[in-house]
There are 2 protein chains.
Amino acid sequence: MSLSGIFPIDRWNFTTQSILNILSEEDYQLLIASQSEQRYQKGDVIFREGAVPAGIFLVRSGKIKKYKVDHIGKEQIIYVANQGELIGYHAVLAEERYPDSASALEASSLCFIPKEDFFEVIHSSPGFSQRLLKALSHEFTVLANNISVFGQRTASERLAIALIVLREKYKDDGRADEEIFLNISRTDLANIAGIAQENVIRLLKEFKAEGILETEGRKIIIKDIKLLVKRANYR
Amino acid sequence: MSLSGIFPIDRWNFTTQSILNILSEEDYQLLIASQSEQRYQKGDVIFREGAVPAGIFLVRSGKIKKYKVDHIGKEQIIYVANQGELIGYHAVLAEERYPDSASALEASSLCFIPKEDFFEVIHSSPGFSQRLLKALSHEFTVLANNISVFGQRTASERLAIALIVLREKYKDDGRADEEIFLNISRTDLANIAGIAQENVIRLLKEFKAEGILETEGRKIIIKDIKLLVKRANYR
DNA sequence: ATAAAAAACTGATAAATATCGTGTTATGGG
DNA sequence: CCCATAACACGATATTTATCAGTTTTTTAT
């Protein structure tokens, strides 16, 4: 079951497009010409905040979290990148160091693209930079939306919103049936929603009691997306 | 006194560049060819969330807030645009409706640029879209940074950070001396930092007691930026 | 299969922050 | 200049959320 028609997730600007959708076949071939695919285990770091970027990464499979670590070691997850998305290109384009770190949420496969190759495609394909502008502008909207969520929403609303967004990201994995299984730890959920891990557990218990979801150990299975949307308090 | 050397505000990615810096003289002339400058009083709305954009706005003078309004009427300020900045171009580039509203924080003068003119410059000047990509990528970094601030910082840290950022934006106004006067209401401050207005007042009182700032009615005068930075708990 | 480690979970308490009620001071229009 | 209105201010209280100090369950590695 898609969210379209139930929760206007696109209209509310919580999702971004796979970069592959904005690439023509030629551009894509050019981009991955000197590719080197690498596998990452769950928890492996792809790049660290402050490092100088040498290129960008295309997520071939798996899920990557982008996050910033606090002065007291607290982690805030900024974004979860899914299969088909590019990561690290903002820093390359802005000619800055990485403003955040990236690591694998689950076993993932990434394709490294040297920044020279990336710039070559940008320079040689005028259409590409326009589509990139469009994609970046949309991503900007998504992030701005997130700021308002943090400023205006309660802990339970933020968790509900995080679950809705994650459900979209996880729905293409595995199971073909209605129930979508989120393979993510309580701690990562807490670091996405910006709340304490213990409260994630308590809130998940509430959601479970309301029939929104089921849990089996670490597994979270979203059962009733409509109720979840109601919990998020959107309209 | 500039922040450089005291607080590495650029390194911490809290500021964005004026778009004028990335425009060549020709591009600039082309952009404002069919300009129509308009004056806005404090509080006047420039555009509203959900509207279809017809073009972009260049801030000639004054300050514009971009914000989202809650289901219960609470306002979250996403960004304060200063003289020299463009607003509304993300929506135009993404071909979306405005994701947020914009209104004047003080009497301002804006120059409207029809979206056709904007696209013409993008298409005709390959350098421009590249510089725009760079600017957008940097803005993205700034927003991502803000998300981590909301997720990781206490109310007083968020207020201190808001004051530091605003100080940079207000320092070119009026007075040439050291003390920078922020012409912004407690409510707007609250809506930037994402805290209750009463708490802004209480925290300002604390900051005053610590010698960080002075208040004269609605006026806020930053006296000691070093202490303010210490309050923000950055390093 | 089993031990060790990690993650999930729980209840009590503390801390942070919002809300409410009310008084006071600024500020802008007539 | 004065009045009306909005903004500022402040204490008391309620609410929300985090922290702490554990126990239990699940997962991982051998």
Side-chain angles (χ1 to χ4, degrees), chain A residues 41-44 70 72-76 104-107 149-163 181-209 213-221 231 233, chain B residues 41-44 65 70-76 103-107 149-160 162-163 181-209 213-221 231 233:
Chain A
Q41 290 307 305
K42 179 173 167 178
D44 285 355
D70 214 340
I72 51 170
K74 199 171 153 189
E75 175 180 308
Q76 175 63 47
L105 267 181
E106 56 187 43
V149 166
F150 271 94
Q152 297 170 328
R153 300 305 187 138
T154 63
S156 67
E157 289 171 335
R158 289 208 302 275
L159 181 61
I161 291 168
L163 290 172
F181 148 55
L182 307 185
N183 180 27
I184 190 166
S185 73
R186 309 295 191 263
T187 301
D188 282 325
L189 265 177
N191 294 339
I192 292 172
I195 62 188
Q197 177 250 84
E198 293 95 326
N199 284 331
V200 168
I201 291 167
R202 276 184 272 264
L203 288 167
L204 285 179
K205 200 172 148 189
E206 274 185 35
F207 290 178
K208 201 170 165 179
L213 48 83
E214 285 298 319
T215 59
E216 289 169 22
R218 81 191 306 273
K219 292 193 186 95
I220 297 167
I221 304 123
R231 257 306 201 157
N233 217 6
Chain B
Q41 290 306 306
K42 180 172 167 180
D44 284 354
K65 65 175 172 183
D70 216 340
H71 49 122
I72 50 169
K74 199 170 152 189
E75 175 180 308
Q76 175 64 45
S103 74
L105 267 182
E106 57 187 41
V149 166
F150 271 94
Q152 297 171 327
R153 299 307 186 135
T154 63
S156 66
E157 289 172 334
R158 289 208 302 275
L159 181 61
L163 290 172
F181 149 56
L182 307 185
N183 181 28
I184 190 166
S185 72
R186 309 294 191 264
T187 302
D188 281 327
L189 266 176
N191 294 340
I192 292 173
I195 61 187
Q197 178 250 78
E198 294 95 324
N199 284 331
V200 168
I201 290 168
R202 278 183 271 266
L203 288 167
L204 286 179
K205 198 173 148 188
E206 274 185 35
F207 289 179
K208 201 170 165 179
L213 49 82
E214 285 298 320
T215 59
E216 290 168 24
R218 80 191 307 272
K219 293 193 185 94
I220 297 167
I221 304 123
R231 258 300 199 164
N233 216 6

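Chain letters run A, B, ... following the sequence lines, proteins first, then strands; residues in each count from 1.
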When the nearest nucleotide of DNA chain D is assigned to A/Lys74 and to A/Lys42 on a heavy-atom basis, which residue is associated with the more 5' position? A/Lys74
How close do B/Ala190 and B/Ala196 get, counting heavy atoms only, and between which atoms? CB-C, 4.0 Å
Inter-residue atom distance B/Phe181.CZ - B/Glu216.CD, 0.5 Å rounding: 9.0 Å
Is the shortest side-chain N/O distance from A/Asn199 to OP1 or OP2 of D/dA18 below 4.0 Å? yes
Report the C-alpha separation of B/Leu189 and B/Leu163 in whole Å, then their side-chain angles, then the decisive distance to 0.1 Å, and conclude whether the side-chain contact (heavy atoms from CB on, under 4.5 Å) test is met. CA-CA 8 Å; B/Leu189 266 176; B/Leu163 290 172; 3.9 Å; yes
What salt bridge (charged side-chain N to carboxylate O under 4.0 Å, His left out) pairs are there with at least one residue in residues 181-190 of chain B, not counting sequence neighbours? B/Lys65-B/Asp188
Determine, stepwise, if the pair B/Leu213 / B/Leu182 fulfils side-chain contact (heavy atoms from CB on, under 4.5 Å). CA-CA 11 Å; B/Leu213 49 82; B/Leu182 307 185; over 6 Å; no
Which whole-number value in Å describes the distance from A/Arg158 CZ to D/dT16 P? 13 Å
Kindly point out which of C/dT19, C/dA12, D/dT17 is positioned nearest to the side chain of B/Arg202? C/dT19
With rounding to the nearest 0.5 angstrom, report the CG to CG distance, B/Leu159 to B/Leu204. 5.5 Å
Close approaches to DNA chain D from residues 188-196 of chain B, in residue order (heavy atom, under 4.0 Å): none
Mark yes or no for whether B/Glu214, through its side chain, and B/Lys208, through its backbone, hold a donor-acceptor pair below 3.5 Å. no
Rounded distance (Å) that lies between atom P of D/dC8 and atom CG of B/Asn183: 10 Å
Axis-to-axis angle for the helix from C/dA1-D/dT30 to C/dG30-D/dC1, ends of five pairs each, to 10°, equals 60°
Checking the side chain of B/Arg158 only, and the main-chain atoms of B/Gly194 only, is there a donor and an acceptor separated by less than 3.5 Å? yes
Short N/O separations, protein against nucleotides 1-5 of chain C, under 3.5 angstrom:
none

Crowding at CD, B/Glu206 (>12 non-hydrogen neighbours, <6.0 Å): yes
Once salt bridge (Lys or Arg N to Asp or Glu O under 4.0 Å) is applied, do any residues pair with B/Glu157, and if so which ones, sequence neighbours excluded? B/Arg153
CD-CZ distance between B/Gln197 and B/Arg202, expressed to the nearest 0.5 angstrom: 9.5 Å
Please tell me if the side chains of B/Arg218 and B/Asn183 come closer than 4.5 Å, counting only heavy atoms from C-beta onward. yes
Write down the distance between CD (B/Glu206) and P (D/dC10), rounded to a whole number of angstrom. 12 Å
Let's go through A/Ile195 and A/Leu203 carefully: what are the C-alpha distance in whole Å and the side-chain angles of both, what is the deciding distance for side-chain contact (heavy atoms from CB on, under 4.5 Å) to 0.1 Å, and is it a yes or a no? CA-CA 11 Å; A/Ile195 62 188; A/Leu203 288 167; 4.0 Å; yes
For nucleotides 7-9 of chain C, give me every protein contact, N/O to N/O, under 3.5 Å, one pair per line with atom names.
| residue | atom | partner | partner atom | Å |
| --- | --- | --- | --- | --- |
| C/dA8 | OP1 | A/Arg186 | N | 3.3 |
| C/dA8 | OP2 | A/Arg186 | N | 3.2 |
| C/dC9 | OP2 | A/Arg186 | NE | 2.7 |
| C/dC9 | OP2 | A/Arg186 | NH2 | 2.8 |

In whole angstroms, how far is the P atom of C/dA15 from the CD atom of B/Glu157? 17 Å
